[in-house]
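Okay, structure first, notes after.
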Amino acid sequence: MMSFRARLLFFLVRISGIKSRLLREGAAEKYLKHNHAKGPALPVRWLRKNCKIIESDINGHRLFELAPKSDGSNLHIFYLHGGGYAFNIVSLHWHFIKKLIRKTGASATVPIYPLSPEYKWDQSYAMVMEAYDRAVAKHGADNIVVMGDSAGGGFTLGLAQMLRNQGKALPAKLILLSPYLDQTAADPMQEELEETDILISIEGIRRLGSWWVREGKDPVMFPVSPLFEPVDRLPPMLAFAGSDEVLLSDSLRLKQTAAENGARIELKIYDRMQHVWMLLPIPEAKKAQAEIVNYLLAAKV
């Protein structure tokens, strides 16, 4: 049964009308302009107090490295935030990262990668790839778990595929949270899911994709839509999706592709949950976070 807190939160999001507002011509662009002017959220107070934080940059884009001041481990989380490749990291992301560090003793790398529409996929991947190379040099690939939510989940899969294609060192594991893997939103199942999703629309997915891919390019191309790239020879994957979100389709198709190619993936579908619920202040998020922490601890060396 869905918790009261989840029901209330999802109700408030639904009546806020944010989904329909972002569909109106010019509304998404106006919100995006405001978001970019505001800039990314910064590490929350607990992280500033309990972690050593090194801030650097890659070609003018910020990179945060965090390490516990005490009780640290060899485990390293390489976290890619969501936001449709267009919106900044928010405080919810930092609070989630805080919980993971506090419960596992892991260190973390958090790239504040270039955002669309000002930047395209190749520029974002170039920055993230350099950040990953730095993390490997410092922590070793076998100690790294790459994870991300929504667009960050798509980035996680695409990065692993790119590393494999280039013959580079792969991380120990991947964690995909409500991953956004297909810019076309062409699966018929998504039309039905759109009715229950309170935040994401098919039109919104395609609009975000058009911002990230270069003009005239096919949105099916790799790594813009990593769902269509082979998933063999990748690290083990843990994925989460909500039964009521449009992007459930992406996770189900990834699992099917993985089964056909002998890839290792565990998919957890939470009943009646919405997009990236695991970051929200609800009991269902605590359950998902516990499963994520257990998976991370199992990756310790």
Side-chain angles (χ1 to χ4, degrees), residues 17-41 58-63 79-90 92-93 110-131 148-159 161-162 176-187 190-191 193-194 197-229 245-247 249-251 253 275-276 279:
I18 186 171
K19 179 178 176 180
S20 60
R21 288 204 307 273
L22 290 178
L23 285 174
R24 290 202 303 268
E25 185 176 355
E29 289 78 5
K30 183 178 179 180
Y31 181 72
L32 186 70
K33 183 178 180 180
H34 173 75
N35 179 267
H36 285 196
K38 184 178 180 181
I58 296 175
N59 297 326
H61 299 282
R62 300 163 88 170
L63 177 69
Y79 195 89
L80 296 162
H81 72 85
Y85 304 105
F87 296 98
N88 275 299
I89 190 170
V90 298
L92 273 176
H93 292 116
V110 185
I112 309 300
Y113 53 83
L115 300 173
S116 67
E118 292 89 346
Y119 298 92
K120 303 304 180 184
W121 71 267
D122 49 348
Q123 296 161 302
S124 298
Y125 266 92
M127 185 269 182
V128 168
M129 182 66 79
E130 184 169 339
D149 65 281
S150 192
F155 225 144
T156 294
L157 179 61
L159 176 63
Q161 292 165 322
M162 189 174 287
L176 288 63
L177 310 174
S178 291
Y180 170 24
L181 307 174
D182 173 14
Q183 304 291 349
T184 71
D187 185 359
Q190 291 179 299
E191 293 182 7
L193 289 169
E194 190 175 28
D197 195 310
I198 61 175
L199 186 63
I200 308 297
S201 67
I202 291 173
E203 181 181 337
I205 290 171
R206 292 171 180 166
R207 179 183 292 149
L208 289 167
S210 71
W211 290 344
W212 208 44
V213 70
R214 291 196 178 277
E215 187 174 354
K217 297 295 184 179
D218 189 340
V220 172
M221 68 177 286
F222 175 74
V224 173
S225 293
L227 180 65
F228 304 109
E229 181 75 359
E245 62 171 314
V246 167
L247 294 180
S249 165
D250 289 21
S251 291
R253 287 181 288 162
H275 190 55
V276 296
L279 273 65

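These figures come from a predicted structure and were not determined experimentally.
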Residues that Thr156 engages under side-chain hydrogen bond (donor to acceptor under 3.5 Å, both in side chains), provided they are two or more places apart = none
Taking every heavy atom of Ala131 against every heavy atom of Pro111, the minimum-distance pair comes out as CB-CG, 4.1 Å
Mind checking side chain to side chain contact (heavy atoms under 4.5 Å, CB included) for Asn35 and listing every partner two or more places apart, or none if nothing turns up?
-> Phe87, Asn88
Specify the closest pair of heavy atoms between Gly83 and Ala151, including all atoms of both residues, with the distance to one decimal.
-> N-CB, 4.2 Å
Closest heavy-atom pair and its distance - Gly84, Leu208 | O-CD2, 3.7 Å
Work out which heavy atom in Arg206 is nearest to a heavy atom in Ala185; give both atom names and the distance.
-> NH2-O, 2.9 Å
With sequence neighbours excluded, what pairs up with Glu191 under the salt bridge (Lys or Arg N to Asp or Glu O under 4.0 Å) test?
-> none
May I ask you to decide if the ring planes of Phe155 and Trp212 are parallel, tilted or perpendicular, using 30° and 60° as cut-offs?
-> perpendicular
Any Pro223 side-chain heavy atom under 4.5 Å of Gln161 side chain = no
Only counting residues at least two apart or in another chain, list the ones meeting side-chain hydrogen bond (donor to acceptor under 3.5 Å, both in side chains) with His93.
-> Asp149
Within residues 122-131 or reaching into it, pairs that qualify as salt bridge (Lys or Arg N to Asp or Glu O under 4.0 Å) - sequence neighbours excluded | Asp122-Arg214, Glu130-Arg134
Do Leu193 and Ile200 touch side chain to side chain, with heavy atoms closer than 4.5 Å?
-> no
Residues at least two apart in sequence or cross-chain that pass side chain to side chain contact (heavy atoms under 4.5 Å, CB included) with Tyr119, listed by chain then number, are His61, Pro114, Gln123
The side-chain hydrogen bond (donor to acceptor under 3.5 Å, both in side chains) partners of Glu194 (sequence neighbours excluded) come to none
Whether over 12 other heavy atoms sit under 6.0 Å from Tyr31 OH | no
Distance, nearest 0.5 Å, that separates CD1 of Ile112 from CD1 of Ile58 | 11.0 Å
State which residues pass side-chain hydrogen bond (donor to acceptor under 3.5 Å, both in side chains) with Ser225; sequence neighbours excluded, sorted by chain then number.
-> none
Is Tyr113 reaching over with its side chain to a backbone N or O of His81, donor-acceptor style, under 3.5 angstrom?
-> yes
Quick one: side chain to side chain contact (heavy atoms under 4.5 Å, CB included) partners of Ala28, sequence neighbours excluded?
-> Leu22, Arg207, Trp211
When rounded to the nearest 0.5 angstrom, what distance separates OG in Ser249 from CG in Leu227?
-> 8.0 Å
Residue list, side chain to side chain contact (heavy atoms under 4.5 Å, CB included) with Ala126, at least two apart or on another chain = none
Quick one: does Leu247's side chain get under 4.5 Å of Pro179's, heavy atoms only?
-> no
Who pairs with Asp197 by salt bridge (Lys or Arg N to Asp or Glu O under 4.0 Å), at least two apart in sequence or on another chain?
-> none
For the residue pair Leu176 and Gly153, what are the closest heavy atoms and their distance?
-> CG-O, 3.7 Å
Go through the structure and list residues passing salt bridge (Lys or Arg N to Asp or Glu O under 4.0 Å) with Arg253, not counting sequence neighbours.
-> Asp182, Asp187, Asp250
Count the heavy atoms of every other residue, nucleotide or ligand shown that sit under 6.0 Å from CG of Asn59, and state whether that count exceeds 12.
-> no
Please report the closest heavy-atom contact between Val213 and Trp121, naming both atoms and the distance.
-> CA-CD1, 4.2 Å
Distance-only, no hydrogens or angles: does the Ser178 side chain make a donor-acceptor pair with backbone N or O of His275 under 3.5 Å?
-> no
So how far is it from Leu157 CG to Leu80 CG, rounded to the nearest 0.5 Å?
-> 11.5 Å
Heavy-atom side-chain proximity of Gln183 to Tyr85 below 4.5 angstrom | yes
Under 4.5 Å between any side-chain heavy atoms of His36 and Glu118, yes or no?
-> yes
